Amino acid sequence: MNIIKVSNYEELSRRAAELIAAQVWNKPNCVLGLATGSTPIGTYKELVRMNKSGDLDFSKVTTVNLDEYVGLDGSNDQSYRYFMNDNLFNHVNIDKANTHVPNGKAADLAAEGARYDAFIESLGGTDIQLLGIGHDGHIGFNEPDDVFYKATHEVKLDEMTIKANARFFANEDEVPKTAITMGMWAIMQAKKVLLIANGMDKKEIVEKAFFGPVTPKVPASILQCHKDVTVIYTY
Ligand code: PGA
């Protein structure tokens, strides 16, 4: 595990974007696993800057996102599809047909989860998976539980997650109560994992996840079992 402490959010964003860019330079038709949330916004800005300056070409890249709220479609500005379009895809030369987010409007979410995992497998997996970390240790929307869930699946969001994400909605009641998320198979099969964490409020959970026991009570702790993980954090 490669744990890098940086001095501020700008440096975190630049270092994370450089690792993603290096992946695209090495393999222009790579598969990027992408994440939403506040933390990756600076990383995406930096990737957009590199694309606009001609240093980074997304034309052959495929992306798969970690998760989506159940019940929101891509035109809803709180959906993760909307977030990805707005923060990255609309601003770079990626073919939108090659960008994938689980379908939170699927009538059968179990079937959607199976389809998503089979699709990731058909791509040969992700070359690099970008992750944030929740205050409760979630990655994607894999919340603390008694077991690690393997498949892409529907999940009930924790109170802590609903409260944290309420900042993006008019009020807490509007935050969807369930989501569909990649499970641990799709995350762990990534050839490389890049987890980014920003702020004093993430310090305790980063320490628990990477220096504590591996337990589904701290979902990110499973990454201690992955062979190529980089954590970049600042607080
Ligand atoms: P944040 O979310 O980047 O908005 O802090 C991280 C996460 O919940 O995975």
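Start at 1 and go down the list; that is how both ligands and their atoms are numbered. Because the structure is predicted, anything quoted here is derived from the model rather than measured. Residue numbers run from 1 in the order of the sequence given.
For Arg167, the closest heavy-atom approach to ligand 1 falls below 4.0 Å. Remark: distances from the non-hydrogen atoms of His135 to ligand 1 are all 4.0 Å or more.
A side-chain hydrogen bond (donor to acceptor under 3.5 Å, both in side chains) with Tyr69 holds for exactly one of Thr36, Thr178, Asn165; it is Asn165. Among Ile196, Thr234, Leu47, Thr43, the one residue that satisfies the side chain to side chain contact (heavy atoms under 4.5 Å, CB included) test with Ser13 is Thr43.
Between Glu172 and Lys163 there is a salt bridge, since at least one side-chain N of the basic residue sits less than 4.0 Å from a carboxylate O of the acidic one.
For ligand 1 and Gly37, the ligand atoms under 4.0 Å from any heavy atom of the residue are 3 (O), 4 (O). The contact set between ligand 1 and Thr39, taken as ligand atoms under 4.0 Å from a residue heavy atom, comprises 1 (P), 3 (O), 5 (O).
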* Take Arg14 and Glu10 through the salt bridge (Lys or Arg N to Asp or Glu O under 4.0 Å) test and state the conclusion after the steps. => CA-CA 6 Å; Arg14 191 175 45 72; Glu10 287 65 40; over 6 Å; no
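Distance from atom 5 (O) of ligand 1 to its nearest protein heavy atom, with residue and atom name: Lys202 NZ, 2.6 Å. Of all protein heavy atoms, the one lying nearest to atom 6 (C) of ligand 1 is Ile133 O, 3.5 Å.
Close N/O approach between His138 and ligand 1 is found [any backbone or side-chain N/O within under 3.5 Å].
Within the cation-pi definition used here (under 6.0 Å to the ring centroid, within 45° of the axis), Lys156 does not qualify as a partner of Phe141.
Phe119 and His100 have tilted rings, their planes meeting at an angle from 30° to 60° on a 0 to 90° scale.
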